[in-house]
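One structure below.
In what follows, every heavy atom counts, from backbone to side chain, and hydrogens, waters and symmetry copies are set aside. Below, read A as the first sequence line, B as the second, and so on, with proteins coming before strands; counting in each chain starts at 1.
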Amino acid sequence: MIPNAAEIRKLSVLSFSWLTVIFVAVWGVCWLVGILIPALLANSSFDFARAVSEICEAITPLLAVMVFIPINAMFMVLMERRVLALFTRRNGPNRVGPDGALQTAADAIKLLLKEDITPTGADAAMFTLAPIIFFAPSIFGAIPLLAAVTNNNKLFQIADLPTGIFFVLAASSIPVVGIVMGGWASNNKYSLMGGLRSAAQAISYEIPLVLSIITICLLAGTLDVVSIAKQQSGGILNWNILGGGALTGLNKAIAAFISSAGPPIAEVIKTYYPYGWLSLIGVIVLCLCTIILFGIYLIGACAEINRIPFDLPEAESELVSGYNTEYSGIKFAIFFLAEFTNLFIVSTIAVVMFLGGGDCPLPTWLNPLSYPAVYIPLTNILSPILSLLIDKIHLINPDTFWAALWVILKTYSLVFFAILVRGTLPRFRIDQLMDFGWKRLVPITLVIFVLVAFARGVINFHV
Amino acid sequence: MEQFELLTNWAQANVESFMLYLLAAIAIPCAFSVLFDRAIIRSGFFLIGVFGAISGLFLILQAQFLALAQIMIYAVGITLVVVIALMLTNARLEKEFSSIEPTERIGGLLVAALFFLTIYLALRSESWPVSSLQMRADNVLQIGVALLTNYALPFEFASVLLLAALMGAILLAKSDPKETENVTGSLVE
Amino acid sequence: MTSIQSACVRKVKQKKVAIDTQVPEFKTDEMIINLGPQHPSTHGVLRLILTLDGEVVKHTECVIGHLHRAQEWQGQNRTWFQYQALIDRVDYLSGMFTSWALCAAAEKIDGAVVPERAEYLRVLVAELNRISSHLLWLGTYLIDLGALYGFPFYPFIEREKILTFFEEVAGQRMMYNYIRIGGVQRDPKASWFKKVEEFTKQFAQRIDEYEAIVTENPIFLKRTKDVGILNKEVAMAYGVTGPTLRASGVAYDLRRFKPYSVYPKLEFTVPVYNKHGDTWDRYMARVQEMRESNEIIKQVLDMLPEGEIMTKKQNAGLRVKAGEGFAAVESPRGVLGCYIISNGSDKAYRFKWRNPSFSNLSVLPPLLENRPLSDIMAIFGSLDIIIPDVDR
Amino acid sequence: MIKENENVKAMNSSAVPVSIAFAVVVVGMVGVYVCGHLVVWLQNLGLNSFASYPELFVFIAIILLAMLAAAMPGSHRISIISIAAFAGFVALTYNQEILIKYLSLAALLFSIGMYGMVASRNAVRVLMSIELMLNAVNLNLVAFARYVDPVHVRGQVFAIFILTVAAAEAAVGLAIVLAIYRNTATVDMEKFNLLKW
């Protein structure tokens, strides 16, 4: 039936094992540093030990990001190559390690050992600074998201950020400075053109990107990433991609219809949709608007992180490799790492803002685990092991586990989509890119912003 | 252990000024480099350092929203526009004209130094009504409410100003082939 | 100050004053960029010296000769037998055609009659080769347009099949040396024909697949429509041939207008795109040509007669009678001509090749003028140039 | 794409001035501690008005040392000036309240921007200096909002307005510079006298 079923099977095994490794590594390190060491030091009488345990707890989120980013980027590069090979019916890298699983690790080692060349006439300081400026924001940007995607686990809260999504957006706007800086400092015309293109592109596409996110913030009524993710819990009907809670009333009404003990349906509908047909129009408008917004966000994000079809700054067939033409060795590795990390972070933002964060897509009334008849026997069977792991040594936090699992699944679906796009589309030309950004996306987003502001008035949200 | 306690207490009391000096140590050299660096595009990049350090100061001052806006608008937006303007204008001309007359330079230096000293002495002699209250964590909300109630009129003016500036900038930067033909003849010496 | 005053006064006096000749014009620096010889998308070692104003190309200078191998001189210093093996390296994507042009010219001098089965076999392998060459072009052209990793390798699946056919019949995947003076080298087995027949059945579907992905893709249309428009007159003045010329609206195909071999007996149309002559038309011309070639192969498989395949003995003493002769074939890139002066010895006295890529490349500078940098690859790729074919 | 290699050359031959600049920092740090004794000494002499500004003496010493260092041949002046300015800033504000530290930093940045406005001839650099000054003002306002008016954060609201005006100013200013550059092929401020007759 499927021509390359064997390849697909291999790829899924590969992905599963890599994701397990990432999961275990990040969680293991965080548990060790954030829970085990503080727990061991808690009973100590030395002040110094207390200070150490405090420091350990404080650096856990940072450590999680630092462990996660390189391993994850390695897996993403491998996945991209294998998936593209699948699309074009080739074999991807399959020599290093079992079925090519260690190919990117080998690449990384090779890049680290390569000579680090600074071209003649380059501005050495700026040339070195550029990859750092390109990479550092992705770490900072990941931190507020970390709390949102782990169901607000205490371990991963670095600070209370009431302006979380704004923080992420500010962080994600910095890398373009690194690109321009690297392009200028390389003393290479191709690099310079890549840098200039990148600046123009990033400034133009940041507007639809930020506007789409701001519209979602308008729907949610807050800038805090954690509470935006929390609001959407309760299945796909509550997600921001479907009207951002415009369908919450419907969700509640169905739940009330199914369970006989709930409030009457008419009352539920009356509370959520107080204006009758006006509310109905509002719901339809909101659903359409948010779906379009999701598309606009994906387009803007693609342009922001220079993926095909918007990869003009590093257009390989025109500008050789654009801004990173002159880079080699570890600096190139950092550029490469940051590129894939940015892809992941952008997808995570999409998941948190549109796809419900760590929420199970099934509505509560469809989810078998939400019925006591199912989960009580299940927990009874598993309790001897689970209570040890959960309550005694705090190895597992079930909420965090499920949230992280769903987030990883959703994020990797988006990454897969990005790879699919990369495998299909040619590249825009720079003037067409600008036209598309300014004449199509910006007006559409502005109109949607106004529509959403009005439509939100006729529906009750998340009561 | 007492010393450790003392140390931690001292650190907690002085962490803000320590951070201030750290960021000042970034901001001041970057500001000087903006003025004196001979490769002018590099001085454009140093401007990012100044803005970044000031945004760090805003974070210490618990103005989160302003700090992030500072990064987005100044450190990325404006600086990139400045750098692109530097690349578009011929940077090589700077070299020819970089030596300004020493009298002007010394005059400027004197004015700037005297200005700083005056301000500093004025600051010192003043007793500031420092409030002991802590700031509320959600001052974004406060700013938003203030902008739409007490400061609604300036807010509107600001938006009109932005719109006018946007249109004016586009008109100014647009090269109109018909106009330039006539204007070039009369404007150039 | 006075000059400004006077200028303004002058402007008031005579309203339509011309620009003062002494006034320095606003000068922008033009950037000179070396595109190549190591650039990833010049398909070899072509060097383009581009003068850019911003991202707009103002002037192009093609520097060729990085891959010059003196193929004509080598032909004069090698025996016929040796040169037969060497010549399909000129155009490494369609080696059958260079061999065929050489053999046709030599046979014209020699008066050697090629057996009919050999003629049919020549047409068969040549059309297969045309398809494989266009398939490779399709993949690399999409790389030029930026579809870097996905689609480009897709046509290679079919190309791989064709190369396997050639390997079976000629022993080589790229440098075939299959068409020889006086016939063809080897008669393929019956099973080979069956495989080719199966391939032709599938291939029509495959082209539909490619077209479904590429032809109506909005980004592809944006990048190729109205880009690099090559007028009929310009194309003919520069001596452009092949699909590039036919996309400009000139139905010039040697197979139809100066028929050689068994082409008169075959039914096929010469696809002409008299729309604009832009890059999209050139793409369509090649896609249509693949369909036509597929039809030709089907017919040849039906009409293939039994019989001899070679009239001359193939050994080191291979000689061609004294005389002069010219023969041209329609290669995937255009008219490929070979002119030979033979003095009857085991070496030719003089060779002269007419290579289509050389003339097609010469039209590049006028096409690139006032186009943005991104269009260079869209236009250059659509001309389908093989650098060894340019430099020989 | 101009690269200045002169800086690199200067760096190599500036070991002595840099060590002097290091001395500047040491003097600044030591001076802060000496100040306390200086105050007592001056008060004993009966110079109470001078005694109220002891940091100024350290500041002047630092400036003199820095001028000496900057006058050395082949010195890397930007680093020496910046180090001296930072050391002077520390010396001036070390014993002050936190609010005054912010305000004096803002004043310092403002005067740097002021000097840049007067002394540079490249129009874009003048614009950069103006941005610097606006930022210094913003810093003032935010510091006031934090320490004087933490309840209604009026300083931050005004800072937002200044941000808006600065963005507009940058856009229009650069557009004007580009327009003039297009017509006169120069960004030299001295040549920008088109409105003068």
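- Both the backbone and the side chain of B:Leu123 come within less than 4.5 Å of a heavy atom of chain D.
- With a threshold of 4.5 angstrom between heavy atoms, B:Leu114 does not approach chain D through any atom at all.
- Counting heavy-atom pairs closer than 4.5 Å to chain B, the top residue among D:Pro150, D:Ala143, D:Gly155 is D:Pro150.
- Heavy atoms of B:Leu147 lying under 4.5 Å from chain D belong exclusively to its side chain.
- Heavy atoms closer than 4.5 Å to chain B are found in both the backbone and the side chain of D:Leu139.
- Counting only distance, with no hydrogens or angles, the side chain of B:Gln142 and the backbone of D:Val151 share a donor-acceptor pair below 3.5 Å.
- Taking D:Arg154, D:Arg146, D:His152, D:Glu131 one by one and counting their heavy-atom pairs under 4.5 Å with chain B, the maximum is reached by D:Arg146.
- Residue D:Val118 comes nearest to B:Gly108 through the heavy atom pair CG1-CA, 3.9 Å, listed as atom of the first residue, atom of the second, then distance.
- For B:Val34, the parts lying under 4.5 angstrom from a heavy atom of chain D are both the backbone and the side chain.
- Note: B:Tyr151 and D:Phe158 have perpendicular aromatic rings, judged against thresholds of 30 and 60 degrees for the angle between ring planes.
- In terms of heavy-atom proximity, B:Ile78 sits nearest to D:Ala167 at CD1-CA, 3.8 Å.
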Worksheet item: Can you list the steps and then say if B:Tyr120 with D:Leu108 is a side-chain contact (heavy atoms from CB on, under 4.5 Å)?
Response: CA-CA 9 Å; B:Tyr120 172 72; D:Leu108 182 60; over 6 Å; no
Worksheet entry | Pair B:Glu16-D:Tyr102, side-chain contact (heavy atoms from CB on, under 4.5 Å): steps then yes or no | CA-CA 11 Å; B:Glu16 189 172 353; D:Tyr102 282 110; 2.9 Å; yes
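- Residues B:Pro29 and D:Ser82 approach most closely at CA-CB, 3.4 Å, considering heavy atoms.
- For D:Ala166, the parts sitting under 4.5 Å from any heavy atom of chain B are the backbone and the side chain alike.
- The heavy-atom pair separating B:Phe116 from D:Ser111 by the smallest distance is CB-OG, 3.4 Å.
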Discussion item. Evaluate D:Phe161 against B:Phe157 for side-chain contact (heavy atoms from CB on, under 4.5 Å), listing each step before the verdict.
Written reply: CA-CA 10 Å; D:Phe161 287 130; B:Phe157 280 144; over 6 Å; no
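- Only the side chain of B:Leu47 has a heavy atom closer than 4.5 Å to any heavy atom of chain D.
- Residue B:Ala31 touches chain D through both its backbone and its side chain, counting heavy-atom pairs closer than 4.5 Å.
- Heavy atoms closer than 4.5 Å to chain D are found in the side chain of B:Phe115, but not in its backbone.
- If you measure heavy-atom distances from D:Glu97 to chain B, the contacts under 4.5 Å come from the side chain alone.
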Practice prompt. Output, in order, the C-alpha distance, side-chain angles, deciding distance and verdict of side-chain contact (heavy atoms from CB on, under 4.5 Å) for D:Lys101 and B:Tyr21.
Written response: CA-CA 9 Å; D:Lys101 290 180 190 176; B:Tyr21 283 127; 3.7 Å; yes
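- Both the backbone and the side chain of D:Ile160 come within contact range of chain B, with heavy atoms under 4.5 Å apart.
- A pairwise comparison of heavy atoms in D:Ser129 and B:Leu35 identifies OG-CD2, 3.7 Å as the closest pair.
- Among D:Thr164, D:Val172, D:Asn135, D:Leu132, the residue making the largest number of heavy-atom pairs under 4.5 Å with chain B is D:Asn135.
- Using a 4.5 Å cut-off between heavy atoms, D:Leu103 touches chain B through backbone and side chain atoms alike.
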